[in-house]
Amino acid sequence: MPSVEPQGKLDQFFLLSQDLLCCIDFAGTLLSVNPTFESLLGYPAHALLGKPCGVVVEPRDHPVIEAALASLCRGEKVNTFDVCARTVEGQRIWLEVSASSGDQVIYVIARDVTRRKAVEKQLRRNQRLFRIAGETAHIGGWYMDLAVGLPIWSEEVCRLHDMPVGHQPTLDEALGFYTPRVQPRIRSVFTACCEQGVSFDEELEIVTRDGRRRWVRVIGRAVRDELGQIIQVQGSTQDITERKDTERQLTLLERSVESSTNGVVIVDAQRPDLPMVYVNAAFERITGYSRDDVLGRNCRFLQGVDTDPATLAQLRKGIEAQRDVHVVIRNYRRSGEPFWNDLYISPVRDEEGVVTHFIGAQNDITAQREYQAQLSHNANHDALTGLPNRLMLDQRLAQGCLLARRYHRYLAVLFIDLDDFKPINDTLGHEVGDFILREVAKRLEEELRPWDTVARFGGDEFIVLLPDLAQEDDVLQVVERLLTRVSAPYWYRGSELRITASIGIATDDGTIRAPRQLIQQADLAMYKAKRRGRNTFQWYTDELNRKVTERVSLRHALQQAIEQQQFELHYQPQIHHSGRVAGVEALIRWHHPERGNIPPGQFISLAEDTGQIIPISEWVLETACRDAMVLNAQSATPMTMAINISPMQFQRPGFLDSVKSVLARSGLPPALLELELTEGVLMDSAEHTIQALKALRQLGVHIALDDFGTGFSSLSYLKRLPINKLKVDRSFVRDVATDSRDAAIVEGVVTMADKLGLEVLIEGVETAEQFHHLRMLQCDHFQGYYFARPMALSVLKHFLDSPSAATASAADPIS
């Protein structure tokens, strides 16, 4: 198609314009193009003229061109539109097209907007990326033009504040979301950014519209114009709540680890020799090493030469197997002091299960170990002396017997009891007593072999075990050394103290089956040593065991006798010098159902040792007073009932009241009751005894001092004692007719009693010769087999009814 010049000749603008210019008819055929059109698209004009304008446009944009032509044909105005053209080389160029109709032609102006399109495309891409980043990382953007003063929030910033998308807050509203604690901070940094251009990057807490608390990271930067004036502040807000929670948990964990009383160690399992990469403060406190001292080192430097090899092997095996391991290991502090480390080690694995680290938790259990050791020591040792106690003694004793049986050797057991230790405690105090016990323990240990045992058995009793003796007599030299060492002086605060010991010896040649019997046997032998004068030793013998066995059996039988009332009273008349029966002495008799008659000498001392004398004495007093009423009822003259009172009964609280009660129940006048006491009652608390005797005398009861001349009390007490009668012991009567010294003693007692206003009763008169000699001394009363033996109450009644009882004489004794 030939070129048609609109309205003749093209003007200067058409030729020189930098925009693409062309003319088309209403069918869209190119009529003319300017040089820019040719140069930009690369087509020569002759190749384009007469062809549809869509020849240079991407096919996808043809509908846009067709729609514009249709509008122009209808005489409608067309808005600017964009199409994509292709150069002769196939390059895409974006054109912004403006078209308007004229006389039978359409004038088209096209501007190259490829750069703008690229910028818009990049902008859209950036916006899409920002939206994805905002949704993924919870980062939102915002800005505020200072001229307007209103913040502009992105969608993500709105969502962070639980506000609807598109919400545009005021500045005060935006800052008001921050918590009161941090509001001064955000206002300060935002103002500095607006006024001075100071950028800020803060991590602060907000409270959303829904009341949720969130941590955000807010960043702000100032934007300046070409003159350097701040015209805008823009920035970002990121939700860091999750990170803050993680940091808070990590901080809590770190503080917990640092605050732990247990030492914590982390070692790198990926590096050679497992170096330590972290230790907490407790590790530093426990070991004495600082972090700088230990980081990069292996933990083995805490070990010592005496660290248990088996424990180390267990530790290494657990680490090599990458499993949990628990050991108690002996470690050393920096000072060289050992400590017991209760150590737990666990592997730390990554996401793939690979062990990257080992974490160790250590606890210093030295005090606990020492406490347990102390408990174990206390369980097996005496707290005062530190010697083994009964529990450990039993173990050592069993071992000694086993050794004797296996190797045909001897085991000796020494039972050591300190002599008169109780007075030391009672007079000098327990502090002195404890000193003596500790010193004795020390001396005993020093005299023994290393494999011997000395134990505190209780109180002032010690047990010594001497195992592995070749001969039984080898024990004697040890015993002699112990006696000598114990009896040496003790010095306490400048004062000299002395004490001795009694030792019982028992031995075993491996034949004994019950090891504790050896202690019992040595105990029996010790008591025999006590009776032999103390500060000596005695061997255990079968005879000694027999006697003790009999004593135990007798004690049991005595208790049965008390419960079954197997006792009875016999009465021995007491003869006045005129010949009449002035009274009787109550004497206890025990007829055992199986053993027959048991003499008082066999059971009275036992009863006094065991305390059984109390119920026996109470029964005697009650029975004798009742029988005294019977006897006085048939007697023409008053008869006194003499009753022996044991020191234990007399010193028992309430004794006076018990006498009153018995007299009241029986109806016996107090003047007819005579209580016979030995001088032993004066040995303890003499003043108390005198006061008790005075109370009895005020009651009207008579008091006789029995066995006079055999005790140890001072004669100075005699003048103060409120007594009525002296009973001269039979030991002075036996040879009174042939021994001038016995005769002088009896005469002296009679003369002294007469001067003191006391009556005298001579016991043990058995022959006429004794009686005749004593009668010449003008004694008041006599008692003995020469006149009558002790007899039951029924026999006594007949005796009193007989004529001889009224006028008993030497020529007519009653037997």
Side-chain angles (χ1 to χ4, degrees), residues 201-203 205 215 217 240-373:
D201 186 345
E202 301 286 336
E203 294 182 355
E205 191 175 21
W215 278 89
R217 180 186 182 189
I240 59 170
T241 304
E242 185 175 349
R243 177 171 66 81
K244 276 292 185 179
D245 289 342
T246 302
E247 289 177 353
R248 186 162 47 246
Q249 292 176 2
L250 289 175
T251 300
L252 177 62
L253 178 61
E254 183 179 359
R255 289 177 179 173
S256 299
V257 171
E258 280 297 316
S259 302
S260 174
T261 58
N262 293 337
V264 177
V265 181
I266 300 178
V267 303
D268 191 342
Q270 301 294 314
R271 293 167 59 187
D273 207 29
L274 304 177
M276 288 182 282
V277 296
Y278 171 83
V279 295
N280 69 345
F283 175 92
E284 295 179 302
R285 175 181 53 80
I286 292 172
T287 65
Y289 291 96
S290 68
R291 286 180 171 87
D292 295 339
D293 294 331
V294 302
L295 294 184
R297 302 176 64 183
N298 187 281
C299 296
R300 72 172 64 89
F301 73 90
L302 294 173
Q303 300 165 11
V305 294
D306 58 346
T307 301
D308 182 29
T311 302
L312 293 177
Q314 180 185 355
L315 188 61
R316 285 193 295 268
K317 187 179 297 184
I319 293 176
E320 290 172 359
Q322 296 186 337
R323 58 174 173 80
D324 292 345
V325 60
H326 173 220
V327 296
V328 176
I329 189 170
R330 186 182 179 92
N331 283 157
Y332 288 84
R333 310 187 205 276
R334 184 170 190 168
S335 63
E337 176 190 4
F339 72 96
W340 287 102
N341 185 0
D342 188 18
L343 179 62
Y344 291 83
I345 295 180
S346 297
V348 179
R349 302 179 185 274
D350 61 13
E351 297 81 359
E352 298 178 356
V354 177
V355 175
T356 61
H357 296 82
F358 285 98
I359 184 169
Q362 60 177 185
N363 185 21
D364 182 359
I365 61 170
T366 305
Q368 177 183 342
R369 274 292 184 106
E370 291 175 351
Y371 177 69
Q372 291 174 345

message: In the structure I gave you, are the side-chain heavy atoms of D342 and Q368 within less than 4.5 Å of one another anywhere?
response: no
query: Got R330 and W340 here, is their nearest side-chain heavy-atom distance under 4.5 Å?
result: yes
- prompt: Quick one: side-chain hydrogen bond (donor to acceptor under 3.5 Å, both in side chains) partners of T307, sequence neighbours excluded?
  reply: none
- request: Mind jotting down which residue pairs meet the side-chain hydrogen bond (donor to acceptor under 3.5 Å, both in side chains) criterion with at least one end in residues 273-288? Sequence neighbours excluded, please.
  value: E258-Y278, D273-R300, E284-R291
query: Considering residues at least two apart in sequence or located in another chain, which fulfil the salt bridge (Lys or Arg N to Asp or Glu O under 4.0 Å) criterion with D293?
result: R334
V325 side chain reached by S346 side chain, heavy atoms, under 4.5 Å: no
field: Residues that Y289 engages under ring-ring contact (aromatic ring centres under 6.0 Å, His included), provided they are two or more places apart
entry: F301
task: Please list, chain by chain and in numerical order, all residues satisfying side chain to side chain contact (heavy atoms under 4.5 Å, CB included) with Q270, sequence neighbours excluded.
output: D268, V354, T356
message: Minimum heavy-atom separation for G296 and P275, please, with both atom names.
response: O-CB, 3.5 Å
message: For R349, give me all partners under salt bridge (Lys or Arg N to Asp or Glu O under 4.0 Å), at least two apart in sequence or on another chain.
response: none
message: Does either side chain, that of T366 or that of D364, offer a donor lying less than 3.5 Å from an acceptor on the other one?
response: yes
message: Please find the pair of heavy atoms, one from Y332 and one from G304, that lie closest to each other, and give the distance.
response: CE1-CA, 3.5 Å
- prompt: Which heavy-atom pair separates T311 from V327 by the least distance, and what is that distance?
  reply: CG2-CB, 3.8 Å
query: Can you check whether I286's main-chain N or O pairs, donor with acceptor, with R333's side chain at less than 3.5 Å?
result: yes
- request: For M276 and N298, run side chain to side chain contact (heavy atoms under 4.5 Å, CB included): C-alpha distance rounded to whole Å, both residues' side-chain angles, the deciding distance at 0.1 Å, then the answer.
  value: CA-CA 6 Å; M276 288 182 282; N298 187 281; over 6 Å; no
